[in-house]
Trainee: 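Submitted below is the structure of interest, expressed as structure tokens.
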Amino acid sequence: MRIYLCEDSFEGILTAVYDAWAGRLGHDNVRLELQGEYNLELFADYVVVLPDDEKAEKVVRTLRQKLSEEVFEYVYKAAMSQERRKADLIYRFIVLAIQRGARIVSEFGNPVVMDIFELVRNVSNESHLLLGFIRFQELENGVLFAKITPKNYVLTLIAPHFEDRLSGENWVIYDAVHEMAAVHARNTSWVLSREAKMPEKLPESGQEEEYEELWKIFFHTIGIEARKNPKCQRNMLPLWYRKNMLEFENNENC
Amino acid sequence: MAEKSWLFVIGKIRIYVRKTLAIRYIICYNKKNENIYSVIEMQIEQKMTIQEKLQILTDAAKYDAACTSSGVDRKGKAGSMGNAAACGICHTFASDGRCVSLLKILFTNECVFDCKYCINRASNDVKRAAFTPDEVCTLTMEFYRRNYIEGLFLSSGILKNPNYTMDLLYQTLYKLRTEYHFMGYIHVKAIPGADEELIRRTGFLADRMSVNLELPTGDGLRRLAPHKTRKTILKPMKQIQKGIVNSKNEMTVYQEAPRFVPAGQSTQMIIGATPESDYQIMSVAEALYKNYDLKRVFYSAYVSVNTDAMLPALPDGPPLLREHRLYQADWLLRYYGFEASELLSPDRPNFNVLLDPKCEWAVRHLEYFPVEINRADYQTLLRVPGIGVKSAQRIVRARRSAKLDFEDLKRLGVVLKRAVYFITCMGRMQYRIRLEENSITHNLIHDDRKKLYEMQENESFTQMSLFDDFHLTVPPSVEDGRAAVSGQL
Ligand code: SF4
């Protein structure tokens, strides 16, 4: 058994897919794992894969041109998952996809496909929810700053939405869990900054407090008392997401 | 209306004084009947802070059920702020579990009308406030930049008269779009009785417009909303419908033509304030979808805010379960190809409290069942309890590559617990079940009751309507079908 240890990034995983494929050991004799947490196995030989943009690019081209945009999207989103087994799942999925073609995405019976679906669903859900739940604060220098603490690597999935929406603003979305940030300067394209570390509290602009208060007033007024339904509220908006939402500060839940 | 009007005559001059709790008019005419002096004084405290205004005007707006931001996709543009996402985005969830997507406010809660069910009616002694257009614009922009909202939902009480009010709404939207360069979502109310021209101009600035039907029948309106009539409500609705069709036609000729109400129009009915049956309500909804191309009809369980001899007391709170059944049935009309007359009739005018409308229909029509999963067409699959739009689509897709069995159905998202009574896979039913109305009903009710129980225990009320507007890929066929029809008109 040969185990390819790859970096936890899109390029890292696809490079390992490329290497594992090119190694020609037979799909049953290889496995992909993320660097970091793994149990050393006695009879395996370990290969550390360094991310290689060129190799990754080749895999991407195969997916997009020989298969479909949809297959590519599935692979990309699965690679953004928090799931530790994702590298190997992606490898199995790509192997299958190449055998069976683009219709792989409607093979609901296949366990590998179902596993990938599950990852994709999870990542898509979280990024969709965050499009609404992200809160920007205006800093002293006019920059809009948002801190998020997502489970998956959603930054690259949500940044394009805000680039389109807030094109005239300088903004930063900081993923405090994975320590990365999406940075956008007015009227330019956003860039991803890895290994970003930001302070918890940044100096706010003079009017920030007023608008935060106004928002809380609105939020606390808009619910209808006679229809109060905390359980439903919790289903729709799990406590997990409330950490970074000002209207729920101090554990306020209504 | 609790109003007093006096007429004084001093020499040649006539003076009218009209007083409600909210408004005082003093209007003076000379002998040629020319208006020589008028003061309209409102109990709006001018010195009110923006915080107070926001509080009052949010509180007054919250009973409107429609707060969705869906239906239009618009890319952002350099030099402006905002875009719109067709799928709709929830920004938070209020204490009642409802999605908050738009800054839902009234321009003013001042109102010269006196609708019995409404907290803002002229005869109520409540604190009155009014925004200025700039205040609404600034709030919208600053909330939007911080990603609190998808856009604005602007409604209003009737200040002075319908035209005056509609003009204020128009001025506000005009400012927001042209001076503040806001490109996010706007839902605005068309005020019944306002000039066509004002409504037309406003429609070119908004994404969605709505005129509330308020009560399902003209009779209900006469009793509870003496200043509104079916006619003044339906007229702007027709106008908006025609405007949308024209605008779509123009778009096909000239891509850059300004778009009129691109996200379509919606309306709201209040449920349980008047004695109409579910059958009447669903028939009205169906007619609205068919004859007015409405995107959505919202049902709003009446919340008792006023005590009035004309209104029910509702000691058990708003009729939420009934509202829920109506939403379920509405869903069946729009996406499942049902007609109101299939679900209810003058002899069975109300939905079963214990069973959802689709199950109820199925057990009364066992002659259609069981259906074979591997052969039945899409429309037939849709009618099976436990099979939704998504799972029906998946079945059609998946059975191309393999014969499906019960295990597969589970994976495709079919709720087998309900579906088993109505389907076969490769000619076989999962269990030996007697196809008999009473026993199936009994089993389904047992299942539904658990769900109901959960619901009353504050489970997932809004889930349905949410599913509708948010992250749902609706089958293009139905909406497109309607779009195609309206295009032909
Ligand atoms: S017109 Fe009727 S429903 Fe509207 S604010 Fe005035 S009283 Fe309320």
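Throughout, a chain's letter reflects where its sequence line sits, starting with A, and its residues are numbered from 1.
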Trainee: Of the backbone (N, CA, C, O) and the side chain (C-beta and beyond), which part of B:Asp59 lies under 4.5 Å from a heavy atom of chain A, both, or neither?
Mentor: both
Trainee: Answer whether the closest heavy-atom distance between the side chains of B:Val100 and A:Phe218 falls below 4.5 Å.
Mentor: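 Side chain of B:Val100 against side chain of A:Phe218, heavy atoms only: contact under 4.5 Å found.
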Trainee: About how many Å separate CZ of B:Arg98 and CD1 of A:Ile222, when rounded to the nearest 0.5 Å?
Mentor: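 Spacing of CD1 (A:Ile222) from CZ (B:Arg98) equals 7.5 Å.
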Trainee: Please flag which part of B:Ile50 lies under 4.5 Å from any non-hydrogen atom of chain A: side chain, backbone, both or neither.
Mentor: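 Contact with chain A: backbone and side chain both.
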Trainee: Which heavy-atom pair separates A:Leu237 from B:Thr92 by the least distance, and what is that distance?
Mentor: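 Closest approach of A:Leu237 to B:Thr92: CD2-OG1, 3.6 Å.
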Trainee: More than 12 foreign heavy atoms under 6.0 Å from NZ of A:Lys66: is that the case here?
Mentor: no
Trainee: Scan residues 119-142 of chain A for pairs that pass salt bridge (charged side-chain N to carboxylate O under 4.0 Å, His left out), counting only residues two or more places apart or in two chains.
Mentor: A:Glu118-A:Arg121, A:Arg135-A:Glu247, A:Glu138-B:Arg145, A:Glu138-B:Arg146
Trainee: Could you tell me which non-hydrogen atom of B:Ala94 sits nearest to which non-hydrogen atom of A:Gly223, and how far apart they are?
Mentor: CB-CA, 3.9 Å
Trainee: Mind listing the closest non-hydrogen atom pair of A:Leu214 and B:Leu54 along with its distance?
Mentor: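 Taking every non-hydrogen atom into account, O-CD2, 3.2 Å.
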Trainee: How long is the straight-line distance from CZ of B:Phe93 back to CZ of A:Phe133, given to the nearest 0.5 Å?
Mentor: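 If I round to the nearest 0.5 Å, the distance is 5.0 Å.
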Trainee: Check ring-ring contact (aromatic ring centres under 6.0 Å, His included) between B:Phe143 and all other residues, then give those that pass, not counting sequence neighbours.
Mentor: A:Trp215, B:Tyr148
Trainee: Between B:His91 (side chain only) and A:Gly132 (backbone N and O only), is there a donor and an acceptor less than 3.5 Å apart?
Mentor: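 Confirmed, B:His91 side chain pairs with A:Gly132 backbone.
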Trainee: What pair of heavy atoms forms the shortest contact from A:Arg165 to B:Ile149, and how long is it?
Mentor: NH1-O, 4.3 Å
Trainee: Please find the pair of heavy atoms, one from A:Ser167 and one from B:Ala78, that lie closest to each other, and give the distance.
Mentor: OG-CA, 4.4 Å
Trainee: For chain B, which of A:Glu225, A:Gln207, A:Arg103 has the most heavy-atom pairs under 4.5 Å?
Mentor: A:Gln207
Trainee: Which value, rounded to the nearest 0.5 Å, describes the distance between B:Ile89 atom CD1 and A:Leu131 atom CG?
Mentor: 5.0 Å
Trainee: Quick one: does any side-chain atom of B:Asp96 pair with a main-chain N or O of A:Arg227 as donor and acceptor, under 3.5 Å?
Mentor: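 Answer holds: no.
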Trainee: Which atom pair, heavy atoms only, marks the closest approach of A:Thr221 to B:Gln55?
Mentor: CG2-O, 3.5 Å
Trainee: Say whether, by atom type as modelled, one donor and one acceptor occur between the side chain of B:Asn147 and the main chain of A:Phe136 under 3.5 angstrom.
Mentor: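 No; zero donor-acceptor contacts below 3.5 Å.
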Trainee: Select one option (side chain, backbone, both, neither) describing which atoms of B:Ser304 are under 4.5 Å from chain A's heavy atoms.
Mentor: neither
Trainee: Can you say whether A:Glu163 sits under 4.5 Å from chain B via the side chain, the backbone, both, or neither, judging by heavy atoms?
Mentor: neither
Trainee: What part of A:Tyr241 is in contact with chain B, defined as an atom under 4.5 angstrom from a non-hydrogen atom: side chain, backbone, both or neither?
Mentor: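 Neither; nothing under 4.5 Å.
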Trainee: Could you list all the salt bridge (charged side-chain N to carboxylate O under 4.0 Å, His left out) pairs where at least one residue sits in residues 76-91 of chain B, not counting sequence neighbours?
Mentor: none
Trainee: Could you tell me which portion of A:Gln137 (side chain, backbone, both or neither) has an atom closer than 4.5 angstrom to a non-hydrogen atom of chain B?
Mentor: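 Neither; nothing under 4.5 Å.
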Trainee: Taking CD in A:Glu179 as the centre, count heavy atoms belonging to other residues, nucleotides or ligands within less than 6.0 Å. Is the count above 12?
Mentor: yes
Trainee: State the CG-CG distance between B:Asn83 and A:Asp164, to the nearest 0.5 angstrom.
Mentor: 4.5 Å
Trainee: Under 4.5 Å, heavy atom to heavy atom: which of residues 395-403 of chain B reach chain A? Give them by number, or say none.
Mentor: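 Only B:Arg397, B:Ala398 of residues 395-403 of chain B have a heavy atom under 4.5 Å from chain A.
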